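In this text the structure is predicted, and so the values were computed from the model without any measurement.
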Amino acid sequence: MANCWPKSCDSIEQFILLDPTLFLHLSMPVTICGASYHQPKKIYSNQDFFKEFPESIGASLEKTGVVSRAVADKSEVSSDLALAAAEKLIEQENIDRSRIGLLVYCSADFDYYTPATACVLHGKLDLPSSCGAMDLTLGCSAYIYALSAIKGMMETNGIENALLLTASTLTRLIHPKDRSNRFLFGDAGSATLISNKQEGSIGPFVFGTDGKGFEKIMVRDGYLRHPYTNASWIDRKDEFGNVTNDGSFFMDGLNVFLFSVRVVPKMIAEVLAKASMKQDEIDLFIFHQPNVFLNETLRKKMNIPEEKFVHCMDKFGNTVQATIPIAISESIRNGRLKPGMNVLLAGFGVGLSWAATIVRF
């Protein structure tokens, strides 16, 4: 670091005296100070599903933990859900818009090829011109990646407050006859306030990728590598009766399950070791919410007590980038997450990718 000091500085003390606020910015930790979410108005219940697919086996599907899910209509895009969640959070936390220095929009769904949807949201939220805005795309682990990026930008640039917005309207890409994925997924947007404060912190982080497995969760056609063709809409049926095509969402459920069981316990051990913490020092575990059966398998495999583990699927389904912040918001609302707690956040899925961090609220 000494190589970065001005020539007139012989010590870090002299360096700090040039700008006393610099030390404050570099030393002040950041943490999550509030979260909110927004769902579309249209609710698709399990009763609606079984009326549409009476041949489906209810006991098997309901192991996922989903009772109902919200579904966006054709006029509603992902950024609309993120915008509504952000407005709700600003009112809920009484946030001064002029003091927001960074906006990150995290989704796989963007309004335009260009500009960045974060810039569009910046204007709709009437944020100051000094506020940076950028998009970040990934999937089920994206919230953790975004927290890391935001933490780094805030701590190195002296940013006081940041908004992290996530949103998914994946249901519009699921084939009408893809029973398992129509049962599992829902649409939602979320907003998270990250601020610098003396109490609390975010980190450390661990990340991982198995890019050779990218085809396990994907929409193959419709972008640069494979533009839509007539062949994009040729349907195929799997051994369970689910229908999809190359223009619709596809997930290899069995291999995604095996991937998760393989990487998640190692990831949790790694982030705890990096933080020099033991598992019993974590007050709450909030994982991405792919389905209750998978997360219960992980919980039992890692011997995490039920009272420390969050399931948040029943009213939402799998909302991809929004699952973790929705679970945070619900845990705050129902009193399970309180100030001073150590909370382990973990995301895993699309990519194939995974990430985890520990937040001290």
Side-chain angles (χ1 to χ4, degrees), residues 28-37 85 89 92-93 104 106 140-152 154-155 162-164 166 190-207 260 264-290 292 294-296 298-313 316 319 321-349 354-361:
M28 180 73 77
V30 301
T31 194
I32 293 172
C33 293
S36 187
Y37 63 86
L89 180 66
Q92 171 185 306
E93 301 296 331
V104 175
C106 186
C140 312
S141 62
Y143 187 76
I144 313 298
Y145 275 82
L147 284 178
S148 180
I150 290 169
K151 170 184 165 70
M154 290 182 71
E155 292 183 348
L163 282 180
L164 168 54
T166 75
S190 81
T192 304
L193 173 66
I194 298 115
S195 299
N196 55 29
K197 54 184 292 188
Q198 291 182 350
E199 304 85 16
S201 62
I202 302 175
F205 293 83
V206 296
F207 307 100
S260 302
V264 173
K266 292 179 181 178
M267 171 176 68
I268 301 308
E270 287 175 11
V271 75
L272 287 170
K274 204 168 184 179
S276 299
M277 296 179 71
K278 296 180 180 178
Q279 186 168 294
D280 61 10
E281 294 180 84
I282 300 298
D283 300 301
L284 205 61
F285 293 80
I286 299 180
F287 286 10
H288 166 57
Q289 303 287 306
V292 168
L294 170 55
N295 277 5
E296 269 294 282
L298 293 170
R299 182 188 69 78
K300 292 174 181 177
K301 186 178 178 69
M302 291 180 280
N303 296 312
I304 298 172
E306 287 186 69
E307 64 272 16
K308 287 189 173 186
F309 199 86
V310 174
H311 291 299
C312 193
M313 291 283 294
F316 307 99
T319 55
Q321 295 91 345
T323 65
I324 294 174
I326 287 174
I328 290 172
S329 179
E330 284 289 278
S331 296
I332 293 171
R333 184 188 63 80
N334 62 31
R336 292 190 70 186
L337 200 169
K338 301 174 183 178
M341 280 188 165
N342 294 320
V343 181
L344 195 151
L345 308 179
F348 43 94
W354 57 95
T357 190
I358 296 170
V359 181
R360 295 162 184 84
F361 279 81

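Taken to the nearest 0.5 Å, the CD atom of Glu306 stands 13.5 Å off from the CZ atom of Phe285. In this structure, the separation between OG on Ser329 and CG on Asn334 is 9.5 Å, given to the nearest 0.5 Å. The structure places CG of Leu298 at 8.5 Å from CD1 of Ile268, a figure rounded to the nearest 0.5 Å. Distance check, rounded to the nearest 0.5 Å: SG of Cys33 to CD of Glu93 gives 8.0 Å. In this structure, NE2 in His288 is found 9.0 Å from CD in Gln321, a value given to the nearest 0.5 Å. Atom OG1 of residue Thr357 and atom NZ of residue Lys274 lie 9.0 Å apart, to the nearest 0.5 angstrom.
A donor-acceptor pair is defined here as one N or O able to donate and one able to accept, closer than 3.5 Å; such a pair exists between the side chain of Asp283 and the backbone of Asn342. For the pair Arg299 (side chain) and Ile304 (backbone), a donor-acceptor distance under 3.5 Å is present. A side-chain donor-acceptor contact under 3.5 Å links Gln289 to the backbone of Cys312. Judged by distance alone, the side chain of Lys151 and the main-chain N or O of Ile202 form a donor-acceptor pair under 3.5 Å. For Gln92 (side chain) and Gly34 (main-chain N/O), no donor-acceptor pair under 3.5 Å exists by modelled atom type.
Within a 6.0 Å sphere centred on NZ of Lys266, other residues, nucleotides and ligands contribute 12 heavy atoms or fewer.
With a 4.5 Å cut-off on side-chain heavy atoms, Val359 and Ile286 do not count as touching. The closest side-chain heavy-atom distance from Trp354 to Val264 is not below 4.5 Å. Residues Leu344 and Leu272 are in side-chain contact: their nearest non-hydrogen atoms beyond the backbone lie under 4.5 Å apart. A 4.5 Å side-chain heavy-atom check between Tyr37 and Thr319 finds every atom pair outside the cut-off. You'll find the side chain of Phe361 stays beyond 4.5 Å of the side chain of Leu284, heavy atoms only. You'll find the side chain of Glu199 stays beyond 4.5 Å of the side chain of Thr31, heavy atoms only. Taking the side chain as every heavy atom from C-beta outward, Leu163 and Leu89 approach each other to under 4.5 Å.
Residues Pro290 and Met313 share a closest heavy-atom pair of O-CE, 3.5 Å. Heavy-atom minimum distance, Ile358 versus Val271: CD1-O, 4.0 Å. A pairwise comparison of heavy atoms in Leu147 and Phe205 identifies C-CZ, 3.9 Å as the closest pair. Closest approach of Met267 to Gly347, counting heavy atoms only: CE-O, 4.1 Å. Listed here is the closest heavy atom pair of Met154 and Val30: CE-CG1, 3.8 Å. Minimum heavy-atom separation, Ala146 to Leu164: CB-CD1, 3.6 Å.
Within the structure, every pair that satisfies the salt bridge (charged side-chain N to carboxylate O under 4.0 Å, His left out) test and touches residues 330-347, not counting sequence neighbours, is listed here: Lys315-Glu330, Glu330-Arg333.
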Verify side-chain contact (heavy atoms from CB on, under 4.5 Å) between Asn295 and His311, making sure each step is shown before the conclusion.
-> CA-CA 8 Å; Asn295 277 5; His311 291 299; 3.9 Å; yes

Let me see the working for Ser190 and Tyr143 under side chain to side chain donor-acceptor pair (under 3.5 Å), right down to the final yes or no.
-> CA-CA 10 Å; Ser190 81; Tyr143 187 76; over 6 Å; no

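Among the candidates Val343, Ile32, Val310, Thr323, the single residue satisfying the side chain to side chain contact (heavy atoms under 4.5 Å, CB included) test with Ile328 is Ile32.
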